[in-house]
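Okay, structure first, notes after.
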2 protein chains.
Amino acid sequence: MGNKQLMKNYRLLLENASLKTTPARLAVLSFLNENSDPLSAESIFDHVAGEHSPADRATIYRILETFFQKGIIKRLELGEGKYRYELTGEEHHHLICESCGKIEDISDCNISEFEKEIGRKKKFTVRRHSLEFFGLCSDCQN
Amino acid sequence: MGNKQLMKNYRLLLENASLKTTPARLAVLSFLNENSDPLSAESIFDHVAGEHSPADRATIYRILETFFQKGIIKRLELGEGKYRYELTGEEHHHLICESCGKIEDISDCNISEFEKEIGRKKKFTVRRHSLEFFGLCSDCQN
DNA sequence: ATATCTGCAAATTTTTTGCAAAAAG
DNA sequence: CTTTTTGCAAAAAATTTGCAGATAT
């Protein structure tokens, strides 16, 4: 998808969320879009800082909070004591290599059956779940 | 189980992990043992601070890190931007109510099959996984 | 006796907040 | 023109670290 088209999409995305289109927001969106890995606030700040129109760290945090509240991005915790963020898309989970830190995506967790069971047994309504796998990636097996 | 017996168990647990038995460590272990909910470092500190032999915040953090490294406790992230800890026991997961904050335990996630599939498909060796459910508990349904 | 553990104080990391100026629609 | 967003500076929250003295074995 061309950059022009992308920008149009971002504008629409923001408009649908009743948010104004600003350079900082576009920068955050496009950086998240370029990266398949979930990103920390700091790495987003670092990247946006190197742009034509750098943004303040507080602005980045506020943007991420707003996007998270609107459901535009997901907020993850991968055992690092800080948040990571990724664009909301197909539901998927992550394989985090405890040796090299590589993060892979994985889909089809098929946990919806279990969620229904929870609803019945515990009278708990599941809205979302977090599921992350920690271990060793193919490169770090030996 | 009587308190005497518990103390003996804690001593053994620590000895097996090549750790010295200290008042602060015993206090942390017994507070974790009294609580079924996973606890934050701060709440553990607060509790131990009210004891006959209060411990420094840094000591609490160091104890928790050590226990985590030894596998004595689990370190969880429940979407709060901080860690929580619980004694290692039967594998289980949590239902976190997004309305009142109540945390319930749940077992039998039956995800081992999926983990094997991951091993085959992605050549990733799963060592552990995190699985938490967020939603509404029975008291907060309406 | 010796290695481990703790307290204290200071620092680091991650995230949040108040307020006035700037920008978007 | 009005509401939202941003920058700046400061603060808060969570966690870590260095080092010297205290404690456990």
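Here is the naming used below: chain letters follow the sequence lines, and residue numbers restart at 1 for every chain.
Looking at B:R75, its side chain never comes within 3.5 Å of a backbone N or O of A:G79 through a donor-acceptor pair.
Of the charged side-chain nitrogens involved, none lies within less than 4.0 Å of a carboxylate oxygen, so that B:E117 and B:K122 do not count as a salt-bridged pair.
Axis angle across the helix from C:dA1-D:dT25 to C:dG25-D:dC1, with five pairs used at each end and values rounded to 10°: 40°.
Counting only N and O atoms by type, the side chains of A:H94 and A:E86 include a donor and acceptor under 3.5 Å apart.
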Please list, for nucleotides 17-23 of chain C, all pairs of protein and nucleotide N/O atoms separated by less than 3.5 Å.
unit_1	atom_1	unit_2	atom_2	d
C:dG18	O6	A:R62	NH1	3.2

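Residue B:R57 is classed as a base contact, given a heavy-atom separation below 4.0 Å to a base. No engagement by B:S40 is indicated, since no non-hydrogen atom pair under 4.0 Å with the nucleic acid exists. Contact annotation for A:T66: no contact, since no heavy-atom pair falls under 4.0 Å across all strands.
Map B:G81 and B:T59 each onto its nearest nucleotide of DNA chain C; the residue landing nearer the 5' end is B:T59. Annotation: of the two residues near DNA chain D, B:Y83 and B:T21, the 5′-most nearest-nucleotide partner is B:Y83.
A:E15 places its CD atom 9 Å from the C1' atom of C:dG25, with the value rounded to the nearest Å. Atom CD in A:E65 sits about 13 Å away from atom P in D:dT5, given to the nearest Å.
With sequence neighbours excluded, the residues satisfying salt bridge (charged side-chain N to carboxylate O under 4.0 Å, His left out) with A:E80 are A:R84.
With rounding to the nearest 0.5 Å, the separation of CD1 in B:I60 from CG in B:D46 is 10.0 Å.
A cation-pi arrangement is absent between B:R127 and A:F134 under the rule of less than 6.0 angstrom and at most 45 degrees off the ring axis.
Separation of the B:Y85 and B:F67 ring centroids does not fall under the 6.0 Å cut-off.
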